[in-house]
Each structure stands twice: as C-alpha cells, then as structure tokens.
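Only heavy atoms go into these numbers, but all of them, side chains included; no hydrogens, no water, no symmetry mates.
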Amino acid sequence: MSLTVGFDLDMTLVDSSRGILDCMKHVLHARGVDATDAQLWPLLGAPLRDNLSHFLPADEVASAAADYRAHYLEHAIEVTVAMPGAVELVDAIHAAGGTVLVVSAKHPVAVQAVLEHVGIRPDVVVGDLFARDKAGPLREYAATAYVGDHVGDQQAAHAADALAVGVTTGPHDAATLREAGADLVVGSLTELTGRVAELA
C-alpha cells in the first residue's frame with residue numbers, strides 16, 4: 001500500500017490561533033494599527049506578508065514580517081497545542097508504513113519549532129508555500145492525500161493529484177471546503193485515525 005500523507009500545519013495539525021492573532025496584533029499595534037480577532041481570524045492560513053498587507057502600506061510589510069517572525073518564536077510557540085487526534089493520526093500513518101510530510105505557508109524555522117513543541121514528528125517538513133505552490137513537494141514525495149483547513153489546501157491537493165481532505169478546524173466551513181474541491185471533509189483529525197487506508 002502506497003501511503004504518503006501531507007498535512008497543512010496551522011489549524012490543521014496544531015491550534016496556533018492564539019499565538020498568531022497575538023503576534024499579528026503586536027506588530028500591527030507597533031505600527032499604529034489596531035486589529036481585532038474578528039478581522040484577523042479569516043486570514044489564518046494565508047501567507048504572512050499577504051495578511052500584513054491588508055493593514056499596512058507596502059513599504060512597511062517586510063519589516064513587520066521580520067518583527068512578527070521574531071516575536072512568534074519568542075511568544076507563540078508555547079501557547080500552541082496539537083489538534084485533537086493529530087499525534088494519534090501521524091502515529092497511525094507511520095504504523096501503517098506510511099510517510100508524513102508537513103507543507104505549510106509558515107516560515108520553516110517556525111514550523112520545526114511548533115512541531116517539536118507539540119511532539120509531532122513528520123518525515124518531511126516544507127515551509128513558505130501556499131495554495132497551489134504546495135503541489136510541488138506533494139508531487140515530489142508522491143503524496144496520496146493532503147489534509148488541510150484552508151481552501152488553498154484543497155487546491156494544492158488537486159494540483160498534486162492527491163486526495164483532498166478538508167478539516168473544519170480553521171476559518172472555512174464544510175461547504176466552503178467542498179466548493180474548493182475537498183473530496184472528503186471531517187470535523188477533526190480524530191475522524192481519520194481509523195480511516196488511514198482511505199488516505200492511500
């Protein structure tokens with residue numbers, strides 16, 4: 001059985017919402033912009049610079065992104081927790097002889113720090129990719145499925161000819177994920193632990 005499962009990170013394998021929202025508000029406030037959780041929540045999962053550009057002029061985005069990444073490593077890792085079923089699902093894939101890769105829009109250093117903190121040990125980690133750009137490593141490692149909470153994750157899966165699995169733990173509901181192309185939608189990763197064979 002060929003089994004190589006890719007995962008998005010934020011709001012898929014881990015609940016990183018508190019750290020992300022706090023760090024976004026910190027760097028924006030330092031530049032005179034006060035954003036609310038309600039404004040920031042729908043942006044979770046998209047590239048950092050794109051999100052910052054919703055609030056800041058173009059010439060401030062690069063410095064804000066650098067400040068965000070530094071602040072994130074210092075303050076956000078410790079408040080990040082594994083999603084229910086995440087550790088168990090990764091272990092089940094490994095127990096079945098499968099390979100686990102994490103492909104995220106987050107900076108690779110932060111991806112590694114988060115995974116180490118929550119005790120999830122994938123075989124491959126790739127960062128700084130979003131939506132269809134994630135298809136590159138998914139194809140390279142012959143992913144049979146890609147699991148994510150964002151519409152961009154469903155696009156990535158289809159671009160890589162992998163099973164698109166949506167999970168409704170992020171800002172997008174089941175209907176939105178299905179419209180984006182999800183072949184399967186679950187409410188949490190716990191629903192997949194006993195269905196690993198379907199990801200092959």
Side-chain angles (χ1 to χ4, degrees), residues 1-18 20-21 37-48 50-51 54 80-93 96 98-106 111 114 118 120 122 124 126-200:
M1 178 178 68
S2 176
L3 177 64
T4 301
V5 183
F7 291 91
D8 174 51
L9 180 69
D10 294 319
M11 306 313 298
T12 298
L13 283 176
V14 300
D15 184 349
S16 49
S17 56
R18 188 69 268 148
I20 291 172
L21 296 177
D37 286 357
Q39 289 175 295
L40 295 170
W41 168 250
L43 304 178
L44 260 66
L48 172 61
D50 289 355
N51 289 343
H54 287 289
T80 300
V81 297
M83 282 290 188
V87 174
E88 293 81 2
L89 179 55
V90 169
D91 288 348
I93 294 167
T99 299
V100 174
L101 55 150
V102 174
V103 186
S104 171
K106 190 185 291 296
V111 176
V114 166
V118 300
I120 294 175
V124 179
V126 182
D128 282 336
L129 294 175
F130 179 62
R132 288 181 175 84
D133 290 340
K134 293 183 175 184
L138 295 178
R139 284 186 177 277
E140 179 183 353
Y141 292 97
T144 52
Y146 186 61
V147 184
D149 69 289
H150 199 279
V151 296
D153 298 325
Q154 315 315 308
Q155 297 165 359
H158 280 286
D161 294 324
L163 182 75
V165 182
V167 59
T168 58
T169 45
H172 299 300
D173 61 18
T176 302
L177 293 172
R178 288 193 185 96
E179 185 177 352
D183 301 302
L184 171 67
V185 177
V186 295
S188 76
L189 297 181
T190 58
E191 298 178 40
L192 295 175
T193 306
R195 304 171 66 178
V196 167
E198 295 179 43
L199 304 179

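In terms of modelled atom types and a separation under 3.5 Å, the side chain of Asp153 and the main chain of His150 share a donor-acceptor contact. No donor-acceptor pair closer than 3.5 Å links the side chain of Thr168 to the backbone N or O of Asp173.
Inter-residue side-chain proximity for Val124 and Tyr141 is flagged as met; some heavy-atom pair is nearer than 4.5 Å. Using a 4.5 Å heavy-atom threshold, the side chains of Asn51 and Leu40 count as separate.
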Show your reasoning for whether side-chain contact (heavy atoms from CB on, under 4.5 Å) applies to Met83 and Ser188.
CA-CA 8 Å; Met83 282 290 188; Ser188 76; over 6 Å; no

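Remark: of the listed residues Val126, Ile120, Leu13, Leu13 is the sole one forming a side-chain contact (heavy atoms from CB on, under 4.5 Å) with Val102. Among the candidates Ile20, Leu129, Asp128, Asp8, the single residue satisfying the side-chain contact (heavy atoms from CB on, under 4.5 Å) test with Lys106 is Ile20.
Heavy atoms of other residues, nucleotides or ligands lying less than 6.0 angstrom from CD of Glu179 number 12 at most. By the neighbour-count criterion of 12 heavy atoms within 6.0 Å, atom CZ of Arg18 is densely surrounded, having more than that number from other residues, nucleotides or ligands.
Arg178 CZ to Asp183 CG: the interatomic distance, rounded to the nearest 0.5 Å, is 11.0 Å. Atom CZ of Phe7 and atom CG of Leu192 lie 7.5 Å apart (nearest 0.5 Å). The CG atom of Leu44 sits 6.5 Å away from the OG atom of Ser16 when rounded to the nearest 0.5 Å. Here the CZ-OG1 distance, from Arg195 to Thr190, works out to 11.0 Å after rounding to the nearest 0.5 Å. Between the OG1 atom of Thr193 and the CG atom of Asp91 there is a distance of 9.5 Å, given to the nearest 0.5 Å. How far CD of Glu191 is from CG of Leu89: 11.5 Å, rounded to the nearest 0.5 Å.
When only modelled atom types and interatomic distance are considered, Asp149 and Thr12 share a side-chain donor-acceptor pair under 3.5 Å.
Annotation for Val87 and Ala82: closest pair CG2-CB, 4.3 Å, computed over non-hydrogen atoms. Between Pro137 and Val103 the shortest heavy-atom distance is CG-CG1, 3.9 Å. In terms of heavy-atom proximity, Gly45 sits nearest to Ala105 at O-CB, 3.9 Å. Closest non-hydrogen pair, Thr144 versus Ser2, comes out as CG2-O, 3.5 Å. Considering every non-hydrogen atom in both Ala46 and Phe130, the closest pair reads CA-CE1, 3.8 Å. Contact detail for Ala162 and Tyr146: the closest heavy-atom pair is CB-N, 4.3 Å.
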